[in-house]
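Every chain is numbered from 1 and lettered A, B, ... according to where its sequence line falls, protein lines coming before strand lines.
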Protein chains: 2
Amino acid sequence: MLLQIDFKSGKPVYLQLVDQIRYAAASGGLRTGEPLPSIRPLAEELRVNRNTVAKAYAELENQGVIETIPGKGCFLKESNSPFTKSARAKILTKEIDEAVVAAHHLQVDRDAFLALVKERLDSFERKVKEKSDND
Amino acid sequence: MLLQIDFKSGKPVYLQLVDQIRYAAASGGLRTGEPLPSIRPLAEELRVNRNTVAKAYAELENQGVIETIPGKGCFLKESNSPFTKSARAKILTKEIDEAVVAAHHLQVDRDAFLALVKERLDSFERKVKEKSDND
DNA sequence: GTGACTGTCCTATGACAATAGGACAGTCGG
DNA sequence: CCGACTGTCCTATTGTCATAGGACAGTCAC
């Protein structure tokens, strides 16, 4: 699991961590019961305060994604239920809407936008395939 | 120009305004010399504080996108260089890629993703139409 | 038991976003 | 001139994010 923090995005660091870990959990990037990186080393690696990572983990536990055992560590919950269809749609809607608003202001019309979306889908699928071929 | 604020995105409101207006300015959505909405009415419409809009406008003037004349208003600068087609595509690609990656993590397949994109496009176009009908 | 690790709790501080509202000066139509 | 508008400046307050560092309790290998 590669965690990537963008300090210039304006989005709070701890929320970036929450989203990335939650997505990884929901898509099998993390396996059930698998331990997450410890707070202090992860904070050092990402160059953020340990309290910031702790806040992200606390939020994840609050959401029922992980289970934390003081003295041992944090683990992906057994009962980690993948997002429902509507929950996934809600998250995706937010992402898509941002792109749609940008397209509107950039005066990119519907057809050009859809063409670009398809192109990016193809590009992404190729990238995924290359990666799986190498594995 | 339809301005869209997402209070839950974590991204500062004034920066959302800056981005959207800059995109619109560079893509012909706003014409050179055209006045921008006045601070107070726009703040009221978006339901944010007038200081927040003022901050966005100040940032835009700082970036050389607009010119503000105290007592008169804010206007799109003459020398505002438009984005090329490829520049716009580059910005949009970034936005779209984020949605594509999210779809992958959420295990939403290509067809479902495209369907959702079209639905959000329709939804947005309705919203734009409603606004122009009211004006 | 000791030491090294784990997560947790606490206070304090600084930076920033956003709010609220008062006050001021410039512009312009009447 | 007057009133309504424009942007600007100011202080104060609230809330959040992130930082820093101290302290504590649980776990585990040795």
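Each of B/Asn49 and A/Arg50 was assigned the nucleotide of DNA chain C with the nearest heavy atom; the assignment lying further toward the 5' end belongs to A/Arg50. Both B/Ile69 and A/Ala54 sit near DNA chain C, but only A/Ala54 has its closest nucleotide nearer the 5' end. Mapping A/Gly71 and A/Thr52 onto DNA chain D via the closest heavy atom, the residue that lands nearer the 5' end is A/Thr52.
Here D/dA4 presents its P atom at 20 Å from CD1 of B/Ile39, a figure rounded to the nearest Å. Distance CD (A/Gln16) to C1' (D/dT16): 15 Å, rounded to an integer number of Å. C/dA20 atom P lies 12 Å from atom CD of B/Glu44, rounded to whole Å. Put simply, CD on B/Glu59 is 10 Å from P on C/dA17, counting in whole angstrom units. One atom, CZ of B/Phe7, and another, C1' of D/dG15, lie 16 Å apart when rounded to the nearest Å. Atom pair B/Lys11:NZ and C/dC16:C1' shows a separation of 16 Å (rounding to whole Å applied). The distance between atom CD of B/Glu67 and atom P of C/dG26, rounded to the nearest whole Å, is 18 Å. Atom-to-atom, CG of B/Leu46 to C1' of C/dA18 comes out at 14 Å; the value is rounded to the nearest Å.
In this structure, B/Leu2 and B/Gln4 have side chains that are in contact, with non-hydrogen atoms separated by less than 4.5 Å. Looking at B/Ser27 and A/His105, their side chains never come closer than 4.5 Å, going by heavy atoms from C-beta outward.
Contact annotation: B/Lys72 side-chain N/O to D/dG7 OP1/OP2 distance is not under 4.0 Å. The phosphate of C/dC5 (OP1 or OP2) has no side-chain N or O of A/Ser38 nearer than 4.0 angstrom. For the OP1/OP2 pair of C/dA17 and a distance below 4.0 Å, the side-chain nitrogens and oxygens of B/Lys55 include at least one atom meeting the criterion. At D/dA18, none of the side-chain N or O atoms of A/Tyr14 fall inside 4.0 Å of OP1 or OP2 (strictly under the cut-off).
Side-chain N/O atoms of A/Asn51 and base N/O atoms of C/dG7 include no donor-acceptor pair closer than 3.5 Å. Under 3.5 Å, the side chain of A/Arg40 and the base of D/dG21 form no donor-acceptor pair of N or O atoms.
Heavy atoms of other residues, nucleotides or ligands lying less than 6.0 angstrom from CD of B/Glu34 number more than 12.
A/Arg110 and B/Asp122 get closest at one heavy-atom pair: NH1-OD1, 2.8 Å.
Looking only at distances, a side-chain donor or acceptor of B/Arg88 sits under 3.5 Å from a matching main-chain atom of A/Leu106.
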